[in-house]
Amino acid sequence: MCLGIPGKVTELYTANGMKMGRVDFGGVVKEACLEYLPDIRVGDYTIVHVGFGISQLDEDEARQTLALLREMDMLAGELPELAEAP
Amino acid sequence: MKYIDEYRDETLTRNLLDEIRRTVTRPWKIMEVCGGQTHSILKNGLDQLLPAEVELVHGPGCPVCVTPLELIDKAIALASRPDVIFVSYGDMLRVPGSEKDLFGVRAAGGNVRVVYSPLDSLKIARENSDKTVVFFGIGFETTAPANAMAVVQAKNQGIQNFAMLVSHVTVPPAISALLESPDVRVDGFLAAGHVCTVMGYWEYEPLVEKYNVPVVVTGFEPVDIARGVLMCVKQLEAGRAEVENAYARSVRREGNEPAQAVINQVFEPCDRPWRGIGVIPMSGHRFRPAYAEYDAELRFPEVQTIATKESSLCLSGQVLQGILKPNQCPAFGKECTPQSPLGATMVSSEGACAAYYRYHRYAELQIPKDQTPKPLAPEPELSVV
Ligand code: SF4
């Protein structure tokens with residue numbers, strides 16, 4: 001139930017006084033209520049749960065985490081003997 | 001898909017698992033709180049790829065599973081009324097009540113509909129002014145803002161033929177209850193990433209201090225989960241107990257404050273029974289007086305008291321507290337299958353029993369002798385919610 005899927009905001013509009021948007025999930029576009037994301041703009045990524053954007057995805061953070069993990073990968077590849085050490 | 005595929009990368013996951021193997025020196029039990037994480041763990045085989053020292057136990061974070069039987073029975077009673085259109089998230093339809101499930105009501109001619117978003121139920125209400133649309137408001141803090149917004153919108157748009165049967169539950173009181181229980185032995189927690197997206201993680205700081213147990217906010221993809229486990233194991237091995245955030249691309253310490261504000265506008269905390277577990281103090285939501293007109297239990301007072309009957313075979317309460325693994329339940333895969341479930345944990349797409357069945361963790365284990373099933377507190381016989 002708590003699954004949320006990241007998608008890119010492609011359009012913003014207002015309906016019944018609520019901030020709404022269209023969100024592209026890798027080709028599948030759905031409507032979402034973005035009322036809880038006052039700062040979100042077209043082009044930003046959001047995580048959508050039961051039709052509501054609950055988070056504006058921090059893309060810098062996402063990139064940094066991946067860079068960090070890939071660095072760890074290179075390190076492990078270069079130092080196999082260390083990796084095996086107790 | 002961007003921000004999903006990168007976090008499903010097999011090499012990165014394996015490297016993290018290697019790092020866990022290099023870090024761990026003794027056995028640790030780590031509970032992933034969220035049922036969505038349980039499914040991801042089993043689907044990706046992380047439970048089998050982790051070193052033997054690290055045991056993942058599955059927590060109560062499946063809202064469908066913990067919705068008390070009395071509320072399922074109330075839902076069934078409401079859905080059976082000719083003047084009601086009962087609207088729900090799809091997962092709830094096959095959850096067994098005392099006598100039947102919501103699918104059974106629909107098959108018998110009841111007007112039961114499934115929606116993706118609670119806002120859809122307002123549309124149904126506008127189109128059916130001669131009926132009352134009752135929405136089954138289940139969920140954790142992740143879902144509560146959406147349900148709360150539906151109520152606010154109903155009020156703003158003057159939609160009067162709309163009501164909600166509320167069964168929200170909240171995570172921090174459940175973690176406290178688990179830590180207080182003498183039967184539950186957990187060394188560290190992976191906190192649910194999307195609950196924390198909404199609520200932040202400051203609520204866990206006093207828990208970590210009081211119980212000296214690490215909590216790592218964790219996402220849902222294999223890389224996220226492996227990273228959460230690694231951070232938790234590192235804390236345990238170093239004798240540290242802190243709240244750490246392994247899902248910073250979505251979660252901030254303070255959470256989503258506009259969402260919290262709307263939850264607080266509509267709902268207030270209350271004691272709530274959890275199916276199979278018992279009453280956990282201040283672990284649920286009920287309507288604030290200003291929104292009481294949307295409370296389905298007040299709108300239809302005749303559904304207040306319904307005697308419930310729980311399956312005596314189902315051990316889901318122990319499963320939901322991480323005391324038993326689903327395949328340690330004697331009924332698992334025998335009397336109880338997804339086709340004919342005895343408990344909600346076999347039905348829900350986030351239930352641990354369903355995950356074990358779907359991903360073939362059939363290997364039968366004996367129930368350890370020292371683990372006699374015991375609920376945290378007895379479930380009340382009659383509804384007092
Ligand atoms: S396997 Fe079935 S009977 Fe056993 S705990 Fe799970 S849901 Fe209940």
Side-chain angles (χ1 to χ4, degrees), chain A residues 1-8 15-20 24-28 30-40 45-77 79-80 82-86, chain B residues 1-7 9 11-12 15-16 18-19 22 25 34-37 39 61-64 89 91 115-120 122 138-143 145-147 149 153 156-157 192-195 197-198 220 223 227 246 248-252 256-259 262 348-350:
Chain A
M1 266 244 33
C2 290
L3 276 191
I5 303 175
K8 189 176 189 161
N16 293 313
M18 277 183 298
K19 183 176 183 179
M20 304 292 290
D24 182 347
F25 303 97
V28 181
K30 283 195 142 195
E31 181 178 60
C33 176
L34 302 175
E35 184 68 22
Y36 293 132
L37 306 171
D39 299 328
I40 203 149
Y45 278 78
T46 172
I47 292 179
V48 175
H49 170 71
V50 297
F52 282 72
I54 54 170
S55 177
Q56 181 172 342
L57 206 128
D58 186 334
E59 293 188 59
D60 287 338
E61 184 64 51
R63 270 193 295 271
Q64 278 165 25
T65 303
L66 287 169
L68 203 85
L69 293 174
R70 286 186 186 124
E71 215 168 280
M72 197 180 90
D73 177 23
M74 276 162 53
L75 225 65
L79 304 168
L82 261 190
E84 293 307 316
Chain B
M1 209 151 79
K2 202 166 173 203
Y3 300 119
I4 292 188
D5 295 338
E6 302 96 315
Y7 288 92
D9 188 276
T11 316
L12 291 185
N15 289 335
L16 284 160
D18 287 343
E19 182 72 13
R22 286 191 291 270
T25 64
C34 171
Q37 293 170 331
H39 268 253
C62 162
V64 175
Y89 297 120
D91 268 17
V115 290
Y116 161 68
S117 163
L119 293 180
D120 299 336
L122 298 182
I138 67 147
F140 277 98
E141 295 96 320
T142 317
T143 317
N147 297 351
M149 183 60 83
Q153 281 294 318
N156 288 352
Q157 296 177 35
H194 290 149
V195 167
T197 295
V198 172
F220 297 83
V223 169
R227 185 155 173 257
R249 67 184 184 280
S250 177
V251 178
R252 277 118 236 166
N256 183 328
E257 286 165 321
V262 176
S348 166
S349 60
E350 288 181 318

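Chain letters run A, B, ... following the sequence lines, proteins first, then strands; residues in each count from 1.
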Distance check, rounded to the nearest 0.5 Å: [X] atom [atom1] versus [Y] atom [atom2]?
X	Y	atom1	atom2	value
B:Gln157	A:Asn16	CD	CG	3.5 Å
B:Met1	A:Ile5	CE	CD1	6.0 Å
A:Tyr45	B:Lys2	OH	NZ	4.5 Å
B:Leu119	A:Glu31	CG	CD	8.5 Å
B:His194	A:Ile54	NE2	CD1	5.0 Å

Pick from B:Leu16, B:Asn156, B:Asp18: which one has the most heavy-atom pairs with chain A under 4.5 Å?
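Ranked by contacts with chain A, first place is B:Leu16.
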
So which of B:Pro118, B:Gly61, B:Ala192 has the biggest tally of heavy-atom pairs under 4.5 Å with chain A?
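Greatest number of close heavy-atom pairs with chain A: B:Pro118.
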
Could you tell me whether the side chain of A:Ser55 and the main chain of B:Ser250 form a donor-acceptor pair under 3.5 Å?
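Yes, A:Ser55 side chain to B:Ser250 backbone: donor-acceptor pair under 3.5 Å.
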
Would you say B:Asn256's side chain and A:Tyr36's backbone share a donor-acceptor pair under 3.5 angstrom?
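The answer is yes, because a donor-acceptor pair under 3.5 Å joins these two groups.
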
Apply ring-ring contact (aromatic ring centres under 6.0 Å, His included) to B:Phe140 and list each qualifying residue two or more places apart in sequence or on a separate chain.
B:Trp274

Hey, which of A:Pro6, A:Gly27, A:Ala32, A:Gly26 has the most heavy atom pairs under 4.5 Å with chain B?
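Max contact count across the listed options: A:Pro6.
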
Of all of A:Gln56, A:Glu35, A:Lys8, A:Gln64, which one pairs up most often with chain B through heavy atoms under 4.5 Å apart?
A:Gln56

Given a strict heavy-atom distance threshold of 4.5 Å, which part of [X] is in contact with chain A: side chain, backbone, both, or neither?
X	result
B:Tyr3	both
B:Glu257	neither
B:Val115	neither
B:Glu6	both

Are any of the side-chain heavy atoms of [X] and [Y] separated by less than 4.5 Å?
X	Y	value
B:Arg227	A:Thr65	yes
A:Cys33	B:Ser117	no
A:Leu69	B:Val223	yes

What part of A:Lys30 lies closer than 4.5 angstrom to a heavy atom of chain B: side chain, backbone, both or neither?
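Answer is side chain: those atoms of A:Lys30 sit under 4.5 Å from chain B.
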
List the atom of [X], the atom of [Y], and the distance in Å for their closest heavy-atom pair.
X	Y	value
B:Thr142	A:His49	O-CD2, 3.3 Å
B:Phe220	A:Leu3	CD2-CD2, 4.1 Å
A:Leu57	B:Arg252	C-NH2, 4.4 Å

